[in-house]
Protein chains: 2
Amino acid sequence: MIEKVPTQAAAIRQSLVAQISTGSLAASAKLPSERDLSELFSTTRITVKQALLRLEAEGCIYRENRRGWFVTPSRLEYNPITKSHFHLMVERQQRKVVTKVISASTELASPELCQKMALAPGSKLHRIRRLRYVDNRAVMFVAHYLKPGIFPGILERDLSQSLTLIYQEHYGIQYGRSSFDIYPTAAYGSVASHLKLAEGSPLLLITRINYDQTGQVIDCDREFWRHDAVRISVDSQILVTDIARL
Amino acid sequence: MIEKVPTQAAAIRQSLVAQISTGSLAASAKLPSERDLSELFSTTRITVKQALLRLEAEGCIYRENRRGWFVTPSRLEYNPITKSHFHLMVERQQRKVVTKVISASTELASPELCQKMALAPGSKLHRIRRLRYVDNRAVMFVAHYLKPGIFPGILERDLSQSLTLIYQEHYGIQYGRSSFDIYPTAAYGSVASHLKLAEGSPLLLITRINYDQTGQVIDCDREFWRHDAVRISVDSQILVTDIARL
DNA sequence: GAGTGGTCTAGACCACTGA
DNA sequence: CAGTGGTCTAGACCACTCT
């Protein structure tokens with residue numbers, strides 16, 4: 001059996017992985033600076049950086065722009081098809097959750113959105129952009145697109161609470177079915193800056209389209225997730241139960 | 001309005017994006033070499049490489065180990081909850097598909113698998129590893145774990161065809177419900193080499209657990225997808241129909 | 001053997017964060 | 001202000017692929 005000689009970057013990665021799994025680097029702990037690491041391993045910053053970038057891709061560590069590298073906390077388990085409130089879902093997992101409203105306005109719908117939501121070209125939509133924090137870390141940036149006709153005056157309400165709740169209480173609307181798709185890509189521009197990601201960092205884009213009880217499109221969510229913050233989990237059993245309840 | 005000065009890497013990225021979207025670099029086309037690009041943009045290979053790595057994270061381009069960079073072909077649309085044959089699904093999208101068997105053996109199940117599949121610790125499982133190509137590009141490496149008691153002699157069969165079909169025809173087993181989870185991470189070792197990915201490249205790990213009509217666990221699939229080869233798409237409507245049929 | 005990306009050296013200056 | 005990562009230079013040699 002021929003043993004491959006590991007590259008320096010691989011050796012650095014291994015060493016850090018070991019420290020993380022034994023707990024000598026705990027969750028959310030800060031790693032030594034790139035300069036310190038390159039001295040420790042007698043190499044250059046570029047080599048260290050390559051090891052760090054791989055660990056980042058794996059989801060073991062993450063960085064905050066010019067603040068340093070940290071050990072990634074455990075991931076959120078997320079089922080995009082459940083209709084329960086986001087806050088409830090997170091708190092069930094013993095995590096702290098905060099939602100911050102970034103903007104709320106009415107905009108011309110893009111051609112792609114018109115197609116996805118079965119709208120006439122040139123339709124307008126309410127756009128609500130929010131940022132979600134789990135344990136004080138920004139993990140998801142979401143843009144909700146709502147049909148204005150269904151939700152008069154909704155932009156004047158307190159949008160930091162659950163939209164599902166507002167739909168129910170003020171507009172008598174409940175979700176029926178929904179569909180979603182998951183698209184792995186990279187973060188740029190406002191998404192990157194809100195999530196404090198470096199430009200070009202890996203990202204999970206989840207697009208959901210929600211329908212009411214009668215099958216009409218209600219809204220569309222575009223969720224931009226840190227790739228290392230979530231594990232998507234879907235069980236058809238739950239769906240069966242949900243449907244049986246209707 | 002203050003315009004940010006784009007970095008060189010961002011400018012290179014923009015230029016390549018433009019060429020890809022206008023079609024002057026078509027799908028699957030080879031990009032100029034890193035050395036040529038660094039001359040073209042009057043910069044170093046490292047700067048060029050950073051631009052290329054970002055485009056790779058986005059899913060616009062991909063590399064084959066030491067062969068060069070290529071424009072990513074369009075993604076496969078994939079619904080992990082459907083029970084149809086993989087080949088059928090791919091061919092419906094006008095793509096060519098090939099499945100290659102990598103190995104077939106009986107192994108001790110790992111503790112995690114025992115838990116996931118509700119097995120006694122120390123149980124054995126058939127492990128079938130296969131590699132799937134779409135349009136001659138390796139896009140997914142999968143390990144199937146089967147309960148040996150249910151599938152006597154299956155390892156001696158032709159495993160390059162649909163397992164679903166073999167289950168039905170030779171063992172009278174049909175899928176009932178299934179659950180899956182999606183975990184973004186990075187490729188290492190045999191997964192990376194089979195998919196011809198560089199170590200530490202982004203990857204989508206989809207773990208499926210399939211149950212038969214009576215709710216017993218049949219098998220577990222661990223699918224390692226190139227992150228740029230797929231868009232996951234789930235519609236609860238389809239599930240409703242499926243269940244109504246039962 | 002020529003061409004490609006993979007890895008690495010040994011620095012430099014810049015932009016931003018936080019005390 | 002010091003410390004951090006972000007970006008960049010100008011090279012080098014290695015490992016692998018393809019012709």
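Owing to the predicted nature of the structure, the values given are computational and were not obtained by experimental measurement. Chain letters run A, B, ... following the sequence lines, proteins first and then strands; every chain starts at 1.
Remark: B:Gln115 pairs with no residue by the side-chain contact (heavy atoms from CB on, under 4.5 Å) rule, at least two apart or across chains. Scored by the ring pair (Phe, Tyr, Trp, His ring centres under 6.0 Å) test, A:His194 finds A:Phe141 as partners (sequence neighbours excluded). Remark: B:Ser74 engages B:Arg95 in a side-chain contact (heavy atoms from CB on, under 4.5 Å) (not counting sequence neighbours). Partners of B:Pro184 by side-chain contact (heavy atoms from CB on, under 4.5 Å), not counting sequence neighbours, listed by chain and number: A:Arg75, A:Leu204, A:His227, B:Leu204. The salt bridge (charged side-chain N to carboxylate O under 4.0 Å, His left out) search around B:Arg137 returns B:Asp228, not counting sequence neighbours.
Between A:Thr43 and C:dC8, a side-chain N or O to OP1/OP2 separation shorter than 4.0 Å is absent. OP1 or OP2 of C:dG6 has at least one side-chain nitrogen or oxygen of B:Lys49 nearer than 4.0 Å. Distances shorter than 4.0 Å separate some side-chain N or O of B:Arg67 from OP1 or OP2 on D:dC18. Distances shown here put every side-chain N or O of B:Thr7 at or beyond 4.0 Å from the OP1 or OP2 atom of D:dG6.
Near DNA chain D, meaning a heavy atom under 4.0 Å from it, residues 8-17 of chain B has B:Gln8, B:Ala9 in order of number. Applying a 4.0 Å cut-off to non-hydrogen atoms, none of the residues of residues 52-59 of chain B approaches DNA chain C. Taking every heavy atom of residues 191-205 of chain B and every atom of DNA chain D, no pair lies under 4.0 Å.
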Using the 3.5 Å cut-off, write out each protein N or O paired with an N or O of nucleotides 11-15 of chain C and the distance between them.
unit_1: C:dA15; atom_1: N3; unit_2: A:Arg66; atom_2: NH1; d: 3.0

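For residues 195-206 of chain B, no residue pair satisfies the salt bridge (Lys or Arg N to Asp or Glu O under 4.0 Å) rule, not counting sequence neighbours. For residues 101-110 of chain A, the pairs satisfying salt bridge (Lys or Arg N to Asp or Glu O under 4.0 Å) are A:Glu107-A:Arg127, with sequence neighbours left out.
Rounded to whole Å, the distance from CG on B:Asp36 to C1' on C:dG3 is 10 Å. Put simply, CD on B:Gln50 is 9 Å from P on D:dG6, counting in whole angstrom units. The interatomic distance linking B:Phe41 (CZ) with D:dT9 (P) rounds to 13 Å, in whole Å.
Along DNA chain C, the nucleotide closest to A:Glu64 and the one closest to A:Thr47 are compared, and the more 5′ of them pairs with A:Thr47.
For the pair A:Arg208 (side chain) and A:Pro80 (backbone), a donor-acceptor distance under 3.5 Å is present.
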Pair up each side-chain donor or acceptor in residues 56-64 of chain A with any protein partner under 3.5 Å, not counting sequence neighbours, and list the distances.
unit_1: A:Glu56; atom_1: OE1; unit_2: A:Arg63; atom_2: NH2; d: 3.1
unit_1: A:Glu56; atom_1: OE2; unit_2: A:Arg63; atom_2: NE; d: 2.9
unit_1: A:Glu58; atom_1: OE1; unit_2: A:Arg13; atom_2: NE; d: 2.9
unit_1: A:Glu58; atom_1: OE1; unit_2: A:Arg13; atom_2: NH2; d: 3.3
unit_1: A:Glu58; atom_1: OE1; unit_2: B:Tyr188; atom_2: OH; d: 3.0
unit_1: A:Glu58; atom_1: OE2; unit_2: A:Arg13; atom_2: NH2; d: 3.2
unit_1: A:Glu64; atom_1: OE1; unit_2: A:Arg67; atom_2: NE; d: 3.0
unit_1: A:Glu64; atom_1: OE1; unit_2: A:Arg67; atom_2: NH2; d: 3.3

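If you check D:dT4, D:dC8, C:dG5 against the side chain of B:Ser33, the one that comes closest is C:dG5.
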